[in-house]
Amino acid sequence: MTSSTNDDLLHIGDAFLESRLFIGTGKYGDDAVIPAVAQASGAQVITVALRRVDIGNPKDGMLSHIPKNMRLLPNTSGARTADEAARIARLARAAGCGDWIKIEVISDNRHLLPDGYETAKATETLAKEGFVVLPYMNPDLYVARDLVNAGAAAVMPLGAPIGTNRGLRTREMIGILIEEIPLPIIVDAGIGRPSHACEAMEMGAAACLVNTAIAVSGHPARMAAAFGDAVRAGRAAYLARTAPVLEGHAAASSPLTGFLGECHE
Amino acid sequence: MNAMNDDFFPELQKYPLSDVSRDIMACSDKEVLRALETAENGAWLDARDFMALLSPAAASYLERMARTAQSLTQRNFGRAIQLFTPLYLSNFCTNRCVYCGFNTCNAIHRSMLTLEEIEAEGACIAATGLRHILLLTGDAPKKAGPDYIADAARRLRPFFPGIGVEVYSLTQEEYALLCASGVDSMTMFQETYNPELYARLHPSGPKRNFHFRLEAPGRAASAGMRCVNIGALLGLDAWRRDAFFTGLHANWLQARYPGVETAVSVPRMRPHAGSFDQVQPVRDRDLVQIILALRLFLPMSGITVSTRERAALRDRLIPLGVTKLSAGVSTAVGGHVPAQAHTPTAMQAHPAENALSTTRAKQNVGQFEIADTRSVDEVAQAIRAMGYQPVFKHWEPLEGEEYACGALRQ
Amino acid sequence: MEIYLNGKTTAVTPECSLFGLITELGLNPDTVIAELNRDIVPSSQFETTILKPGDALELLHLVGGG
């Protein structure tokens, strides 16, 4: 459980988040479980998509299932180009979803891998319009740098292709982004088990976005709770490992043996 | 006596001295990296990997070695440092080791403690909180023989659950006698694993027997010692070689006696009253390399650093794989009881010397000069400052009713 | 009259308001998102927006997504 004296808040845009687990609303067997899932997960950010209303068979929108205090993160799924993504983003904002937008530009239906070039273009356009942009991307350092330059508020590299639940197949590349990119790194897609999420957090990811693994599990609320625990555990482990043992000692590059440079021998 | 296959010497013979030197010096960056990757993957290193880590090429990889060494040590030993102190019972010696302050030819004050004095020393040491003590003597079995050492151990048993001995080589029966008296650990420095140099360094006295000394740790293990600590006096021979053989020896002991705790020490030559000047210098960074290489080659063995090393350096070594530190040390006979009027013992070699007016420690010449003179409290403090926990009591034996340590300061 | 509704040619009441059409279709005006001829229509303007023949109207809402 988050403590009231939490000084490890995740700062994105104008938000200071306590929970580093973002959840999704797709693929549920029954959308009615989503409130219980949201509660159990402790998440404060939840993704939604925009779709045409099915005129012949209108159903209640997703909004009624989402706890009022959660922050919506609409995605631009369906967009195949930067222009389409921008259009969806503007619609979402106009619909009252707020300024946050997850850019998802995919024209590959076999693997659902994101188009980095179009994503960067959309990021630049929307950042200029005052959106808080969280682009979904294949962990490529150059694309990430473009996203930084374009004004993204975070970067969301995939762990494995959407829905595959394969875990951190791209862990080496995610590690590089964590090291090199001065934005929160939110691992999105491919997280299949709480241990995957824990591992991502231990590596230094700022947050995890989990959708499929919770939605299709046998008991989504329980799985959501497990993911919440896993993300907290991984983050705590990361903080414990990186908390300095020696304060005010030695050079950053050789903390253990840097003292030898000072020796007279 | 031990059967041939119980001896370390055949293992030692597999590595001729000149080959070892040549092989270590010739190790390439690639071999260092392979050794590093093996260690980082949690696999065991072989002798070639160990050589690579001791090579000149490895000197560029100290920080990376240190990271793995630190992580390995913390996983196997925790963030804890065991504390102990040596108690010299007697400095009578019949050897003429050219590098030692107790060399029989050196004109120093000789003495040995009575059992009452031993008990008084023990009480003072225990009052600092320490519960592990190391008993040392010079090599003079007729004066300070195994029975005397056993008696000393029995006297100290109520104060210390952990009693070690660092004395001359004993037979297996003699080690068994010590074990029965409450000794659970032995330390034996081969000094150098180079037999020709060894012979030159030990011109006379029982210590001259290279083989008898070499197999002592094995005999002690066979006799039931719980812990066996070994080491070479770095600087006597080329340090890379002696460090290599130290690791090899510890590895062999651990494999041959899996139930025994093994540890290695890394004493460097220090100023002393002896005559040996041909020290091959071991720089601080060499010492660090040795410690890191030993740690990576021997993930389960303890590493001890004595007060031969200065305080600031010892503190920096703590996160690199060290597991035991001595504190509140005197390398003179006794030396822990504060200044007071001592009654001279009956066995002084130089009766003209007045033992009443000065403290024993001031008067007595230590075996080597101490560079870290900090008290137990100061060393414990320094350990905590490094983020580690000083451990005063590491072991509680199951048998024996004499142990009543709870009566003393906790 | 005919408009393009969600990409399909659809017959609707002439001069109906956006609000009228939405409610006629059984949709919730509070949760529906409307884009008329590529312009977003704020929900406050649903009642005053009158549809013309040939208009391209997209009616969207939030659904589940990752």
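Throughout, a chain's letter reflects where its sequence line sits, starting with A, and its residues are numbered from 1. If you're wondering where the values come from, they're calculated on a predicted model, not measured in any experiment.
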A.B. asks: Would you check if A/H65 and A/M62 make a side-chain contact, meaning some heavy-atom pair closer than 4.5 Å?
C.D. replies: yes
A.B. asks: Could you look at C/L62 and say if it's the side chain, the backbone, both or neither that has a heavy atom under 4.5 Å from chain A?
C.D. replies: both
A.B. asks: Under a 4.5 Å cut-off applied to non-hydrogen side-chain atoms, are A/L168 and A/M203 in contact?
C.D. replies: yes
A.B. asks: Looking at C/T10, C/D30, C/V32, C/L27, which makes the most heavy-atom pairs under 4.5 Å with chain A?
C.D. replies: C/L27
A.B. asks: When only pairs under 4.5 Å are counted, which of C/V41, C/T31, C/L5 shares the most heavy-atom pairs with chain A?
C.D. replies: C/L5
A.B. asks: Would you indicate whether A/E129, at its atom CD, is surrounded by more than 12 heavy atoms from other residues, nucleotides or ligands within a distance under 6.0 Å?
C.D. replies: yes
A.B. asks: Using a cut-off of under 4.5 Å for heavy-atom pairs, which of A/A94, A/G96, A/A49 has the most such pairs with chain C?
C.D. replies: A/A49
A.B. asks: Considering residues, nucleotides and ligands other than A/M173, do more than 12 of their heavy atoms fall under 6.0 Å from its CE?
C.D. replies: no
A.B. asks: A/N75 versus chain C, heavy atoms under 4.5 Å apart: side chain, backbone, both or neither?
C.D. replies: side chain
A.B. asks: Considering only heavy atoms, which portion of A/I66 lies under 4.5 Å from any heavy atom of chain C: side chain, backbone, both, or neither?
C.D. replies: neither
A.B. asks: State, with a plain yes or no, whether a side-chain heavy atom of A/L209 is found less than 4.5 Å away from one of A/T47.
C.D. replies: yes
A.B. asks: What part of A/K102 gets within 4.5 angstrom of chain C, counting heavy atoms only: side chain, backbone, both, or neither?
C.D. replies: side chain
A.B. asks: Side chains of A/F22 and A/V210: closer than 4.5 Å at any heavy-atom pair?
C.D. replies: no
